[in-house]
Participant: 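I have a structure I would like to understand better, so I am pasting it below and will then ask my questions one at a time.
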Amino acid sequence: MLSETIAIVVQMTAKTGREEELGHHLIRMIEPTTAEDGCINYNLHRDSVDPATWVLYETWQSKKDLDKHMTSSHFLEFQSIQDEMLAKDMRVEILTPIKTTQR
């Protein structure tokens with residue numbers, strides 16, 4: 001049901017010299033996250049102008065599924081090392097999807 005789904009956009013900027021390391025850790029998160037119940041999509045992007053900037057676009061069936069993801073071992077592992085790699089606090093936007101399309 002669309003009204004219960006939740007979308008998240010997370011923007012992260014790596015410290016100078018840590019860009020590839022951050023990307024490596026984010027890529028490692030994809031497989032276990034997409035295997036989680038409630039994960040609709042989990043897409044990683046890299047800014048085409050600023051290679052230090054990485055963006056995740058996630059959609060979850062419900063806030064409950066997102067909350068469960070945030071207690072997963074792979075999420076907690078990333079959370080424990082993120083400060084070493086990030087130049088500034090990550091920007092997190094929580095969105096309510098209104099209409100989606102797929103091809």
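One-based numbering along the sequence shown.
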Participant: What closest approach, in Å, do W60 and D37 show between heavy atoms, and which atom pair accounts for it?
Facilitator: CZ3-O, 4.2 Å

Participant: Of H45, M12, Q11, which meets side-chain contact (heavy atoms from CB on, under 4.5 Å) against L56?
Facilitator: M12

Participant: Quick one: OG on S62 to NZ on K68, what's the gap to the nearest 0.5 Å?
Facilitator: 10.0 Å

Participant: Taking all non-hydrogen atoms of both residues into account, name the closest pair between T33 and M29 and its distance.
Facilitator: OG1-O, 2.7 Å

Participant: Just wondering, do R46 and P51 contact through their side chains at under 4.5 Å, heavy atoms?
Facilitator: yes

Participant: Return the minimal non-hydrogen interatomic distance between A14 and A87, and the atom names on each side.
Facilitator: O-CB, 3.7 Å

Participant: For E31, look at atom CD and say whether over 12 heavy atoms of other residues, nucleotides or ligands are found less than 6.0 Å away.
Facilitator: no

Participant: Would you say the side chain of H69 lies within less than 4.5 Å of the side chain of D65, judging by non-hydrogen atoms?
Facilitator: no

Participant: Does atom CZ of R91 have more than 12 heavy-atom neighbours from other groups under 6.0 Å away?
Facilitator: no

Participant: What distance do W54 atom CH2 and L22 atom CG have between them, rounded to the nearest 0.5 Å?
Facilitator: 7.0 Å

Participant: Do L95 and M70 belong to the same hydrophobic cluster, where Ile, Leu, Val, Met, Phe, Trp and Tyr are linked whenever their side-chain heavy atoms lie under 4.5 Å apart, directly or via other members?
Facilitator: no

Participant: Distance only, no hydrogens: is a donor on one side chain within 3.5 Å (strictly under) of an acceptor on the other, for E36 and H74?
Facilitator: yes

Participant: Looking at OG1 of T13 and CD of E19, how far apart are the two atoms once the value is rounded to the nearest 0.5 Å?
Facilitator: 10.0 Å

Participant: Go through I27 and L44 one step at a time and tell me if the side-chain contact (heavy atoms from CB on, under 4.5 Å) criterion holds.
Facilitator: CA-CA 7 Å; I27 289 168; L44 178 62; 3.6 Å; yes

Participant: Using the rule that Ile, Leu, Val, Met, Phe, Trp and Tyr join whenever any side-chain heavy atoms are under 4.5 Å apart, tell me whether F75 and V92 fall into a single cluster.
Facilitator: yes

Participant: Does anything in residues 75-86 pair up under side-chain hydrogen bond (donor to acceptor under 3.5 Å, both in side chains), and if so which pairs, sequence neighbours excluded?
Facilitator: none

Participant: Using side-chain heavy atoms (C-beta onward) and a distance below 4.5 Å, is L66 in contact with I8?
Facilitator: yes

Participant: Kindly say whether N43 contributes a backbone atom to a donor-acceptor pair with the side chain of N41 at under 3.5 angstrom?
Facilitator: no

Participant: If you define the side chain from C-beta out and look only at heavy atoms, does anything of V55 sit under 4.5 Å from V9?
Facilitator: yes

Participant: In terms of side-chain geometry, is the basic nitrogen of K15 or E21 positioned less than 4.0 Å from the acidic oxygen of its partner?
Facilitator: no

Participant: Are side-chain heavy atoms of I6 and T96 found at a separation under 4.5 Å?
Facilitator: no

Participant: Assign the ring pair F78 / H25 to parallel, tilted or perpendicular, where the plane angle (0 to 90°) is split at 30° and 60°.
Facilitator: tilted

Participant: With a 4.5 Å cut-off on side-chain heavy-atom distances among I, L, V, M, F, W and Y, is there a chain of contacts connecting I30 to I40?
Facilitator: no

